[in-house]
Amino acid sequence: AALAGVVEYRNVTFAYPGAESPVLSNISFTARPGQTVAIIGSTGAGKTSLLSLLPRLYDPVEGEVLLDGVPVSRLDRAEITKRVALVPQRPYLFSGTIEHNLRFGKSEATDRELWDALRVAQGESFVRDKKNGLDARIAQGGTNVSGGQRQRLCIARALVTKPRVYLFDDSFSALDVATDARLRAALKQTTADATVIIVAQRVSTITEADQILVLDNGRIVDRGTHEELLETSPTYQEIVES
Ligand code: DGT
Ligand code: MG
């Protein structure tokens, strides 16, 4: 069970260094292997900040974030990185080949593993269509691929590391609805035993989540499944209707 991937936020309050007021207040939830927990809420609600505490980009000012029951403050970042893959909201590609970009973080991956990851991330066909395939060059910052392609390459990069926990920060927003649906169906199979935390803008991306946390102004105002929240949460209803 040492590598199970249970994530727990326990009464977490967080303020950015130097800032006066917290951007997250008293956040508690648990995400277990095999589960998908979704976080939804308006811009500035604190979704990205919430994710950033697990890989210790920042540490809470109160409360604890635990991974498999161990406070992450007691783990070093390299150890966390082996278990937790964060696909950031602004996914970053660096100057080099597609292969270099996919292997970043797991240099010993085989070509087969790279193509498997691309298949799941719905990136296989556009990489195949490139004259040099995996050897095709990416410009600094990924400026020569589209936003949706960049997102898919960064999702594939996360898959290559085969983590126990996936954090997707709005990773599907640049995809059309059909690609988004195909990608999530493929992901669901591949990540069936992993813990998945998804930040989303579109409700359609998260209707099947085991638990949805509705974040408003740094607080979890409601939680439940899509069906439960449709019944009980005015804030969720507003998001659905927007
Ligand atoms: P989004 O991505 O536009 O949907 O918004 P969220 O929900 O991801 O919001 P988040 O976590 O980026 O921002 C929450 C609050 O924290 C917001 O008032 C802006 C502030 N904030 C975000 N990043 C930083 C930072 O690096 N430093 C400081 N001081 N404040 C930040
Ligand atoms: Mg964000």
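All of these numbers come straight from a predicted model, not from anything done at the bench.
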Going by heavy atoms in the side chains, are V196 and F168 under 4.5 Å from each other?
-> yes
Look at the side chain of D193 and the backbone N and O of G34, then say whether any donor-acceptor pair between them is shorter than 3.5 Å.
-> no
In short, side chain to side chain donor-acceptor pair (under 3.5 Å) pairs touching residues 40-57 with sequence neighbours left out are Y16-S49, T48-Q89, T48-D169, R56-D59
Quick one: list whatever passes side-chain contact (heavy atoms from CB on, under 4.5 Å) with T225, sequence neighbours left out.
-> E227, E228
Does R184 come within less than 4.0 Å of E208, counting only side-chain N to carboxylate O?
-> no
Is the backbone of L153 close enough, under 3.5 Å, to the side chain of R157 for a donor and an acceptor to pair up by distance?
-> no
Return the minimal non-hydrogen interatomic distance between Q122 and A186, and the atom names on each side.
-> NE2-CB, 3.9 Å
Could you tell me which residues satisfy ring pair (Phe, Tyr, Trp, His ring centres under 6.0 Å) with F29, sequence neighbours excluded, listed by chain and number?
-> Y9
Run the salt-bridge test on R90 and D170 with the 4.0 Å N-O cut-off and return the result as yes or no.
-> no
Answer whether the closest heavy-atom distance between the side chains of L93 and C154 falls below 4.5 Å.
-> yes
CD/Q201 to CD1/I239 distance, rounded to the nearest 0.5 angstrom?
-> 9.5 Å
Contacts of R202 that satisfy side chain to side chain donor-acceptor pair (under 3.5 Å) - sequence neighbours left out = D180
Say you draw a straight line from CD1 of I198 to CG of L187; how long is it, rounded to the nearest 0.5 Å?
-> 7.0 Å
Check the pair D116, T190 against side chain to side chain contact (heavy atoms under 4.5 Å, CB included), reporting the backbone distance first and the verdict last.
-> CA-CA 10 Å; D116 284 348; T190 309; over 6 Å; no
For A15 and P22, work out which heavy atoms get closest and say how close.
-> CB-CA, 3.8 Å
In residues 128-135, what donor-acceptor pairs under 3.5 Å come from side-chain atoms, sequence neighbours left out?
{"unit_1": "R128", "atom_1": "NH2", "unit_2": "E124", "atom_2": "OE2", "d": "3.4"}

Among all residues two or more places apart in sequence or in another chain, which pass the salt bridge (charged side-chain N to carboxylate O under 4.0 Å, His left out) test with R164?
-> none
For N101 and F94, what are the C-alpha separation, side-chain angles and deciding distance, and is it a side chain to side chain contact (heavy atoms under 4.5 Å, CB included)?
-> CA-CA 7 Å; N101 272 278; F94 51 85; 3.5 Å; yes
Members other than V177 in its cluster, when Ile, Leu, Val, Met, Phe, Trp, Tyr link by side-chain heavy atoms under 4.5 Å?
-> none
Going hydrophobic residue to hydrophobic residue with side-chain gaps under 4.5 angstrom, can you get from V6 over to V165?
-> no
In Å and rounded to the nearest 0.5 Å, what is the CG to CD1 distance from L53 to I27?
-> 9.5 Å
Nearest atoms (heavy-atom pairs only) where G46 meets L24 | O-CD2, 3.5 Å
side-chain contact (heavy atoms from CB on, under 4.5 Å) filter on Q35, not counting sequence neighbours, yields R32, D210
Examine V87 and L51 and state if one hydrophobic cluster contains both, with Ile, Leu, Val, Met, Phe, Trp and Tyr joined whenever side-chain heavy atoms are less than 4.5 Å apart.
-> no
Mind checking what makes side-chain contact (heavy atoms from CB on, under 4.5 Å) contact with D222, not counting sequence neighbours?
-> V214, L229, S233, T235
Name all residues meeting the ring pair (Phe, Tyr, Trp, His ring centres under 6.0 Å) criterion together with Y236; count only those two or more places apart in sequence or in a different chain, and write none if there are none.
-> H226
Main-chain N/O of A194 paired to T191 side chain as donor or acceptor, under 3.5 Å = no
Is the backbone of V12 close enough, under 3.5 Å, to the side chain of E62 for a donor and an acceptor to pair up by distance?
-> no
Looking at residues at least two apart in the chain, or sitting in another chain, which of them share a side chain to side chain donor-acceptor pair (under 3.5 Å) with N11?
-> N26, S28
A117 meets the side-chain contact (heavy atoms from CB on, under 4.5 Å) criterion, sequence neighbours left out, with A156, L159, V160
Identify the heavy atoms of A139 and N144 that sit nearest to each other, and give their distance.
-> N-OD1, 2.9 Å
To the nearest 0.5 Å, atom OG1 of T205 lies from atom CG of L175 at 8.5 Å
